[in-house]
Amino acid sequence: PGGRSGVKIDKSQLARLHGPMLYLTGGPRDIAHGNASDDVARLVHVPVFFGSLPVGHEGTFWSEPDGGEWARVAARWLDWQLKGDADASSDFAGPACRLCGDPRWTVVQKHLSR
């Protein structure tokens, strides 16, 4: 609870979430990875996709053109969730999801269906 922003939000607030959640972390070296992993473990009532790419805390936003892989994945999530793009859903949902089969990514899925 707290962090650099000073915002105090405890884990009980996770129960108030009511829409699909996307978590992206930079792997175990990412300072946010442990907290995000804990959130995902606690979330049992909403669809969740947790993707971990071992690139560290800054992800690919600063190190790759146009935000790199993280920006691409985030845009695909929004295409699916906001535009109903069935092709984008294949990146995240189902046992054969595209990111699930990408050896660079470690993935956890919960309650996701296309």
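For the salt bridge (charged side-chain N to carboxylate O under 4.0 Å, His left out) test, residues two or more places apart in sequence or in another chain that qualify with Asp39 are Lys11. Considering only residues two or more places apart in sequence or on other chains, Arg42 meets the salt bridge (charged side-chain N to carboxylate O under 4.0 Å, His left out) condition with Asp38. For Ala32, the side chain to side chain contact (heavy atoms under 4.5 Å, CB included) partners two or more places apart in sequence, or in a different chain, are Asp30, His57. Residues passing the side chain to side chain contact (heavy atoms under 4.5 Å, CB included) test with Thr106, sequence neighbours excluded: Ser52.
The CG atom of Leu53 sits 4.5 Å away from the CH2 atom of Trp105 when rounded to the nearest 0.5 Å. A distance of 11.0 Å separates CD of Glu69 from CZ of Phe61, quoted to the nearest 0.5 Å. Put simply, CZ on Phe49 and OG on Ser89 are 12.0 Å apart, with the number rounded to the nearest 0.5 Å. Separating the OG1 atom in Thr60 from the CG atom in Asp66 is a distance of 10.5 Å, to the nearest 0.5 Å.
The two residues Ala15 and His45 make their nearest non-hydrogen contact at O-NE2, 3.4 Å. Taking each heavy atom of Gly94 and Cys100 in turn, the nearest pair found is O-SG, 4.0 Å.
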Please tabulate, for side-chain N and O atoms in residues 75-84, each donor-acceptor pair with protein atoms closer than 3.5 Å (sequence neighbours left out).
{"residue": "Arg76", "atom": "NE", "partner": "Asp91", "partner atom": "OD2", "Å": "2.7"}
{"residue": "Arg76", "atom": "NH2", "partner": "Asp87", "partner atom": "O", "Å": "3.2"}
{"residue": "Arg76", "atom": "NH2", "partner": "Asp87", "partner atom": "OD2", "Å": "2.8"}

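Its side chain within the 4.5 Å cluster rule, Leu17 clusters with Leu14, Met21, Tyr23, Val40, Leu43, Val46, Val48, Phe50, Val108 among the Ile, Leu, Val, Met, Phe, Trp and Tyr residues.
The environment of CD in Glu64 is crowded: more than 12 heavy-atom neighbours from other residues, nucleotides or ligands sit within 6.0 Å.
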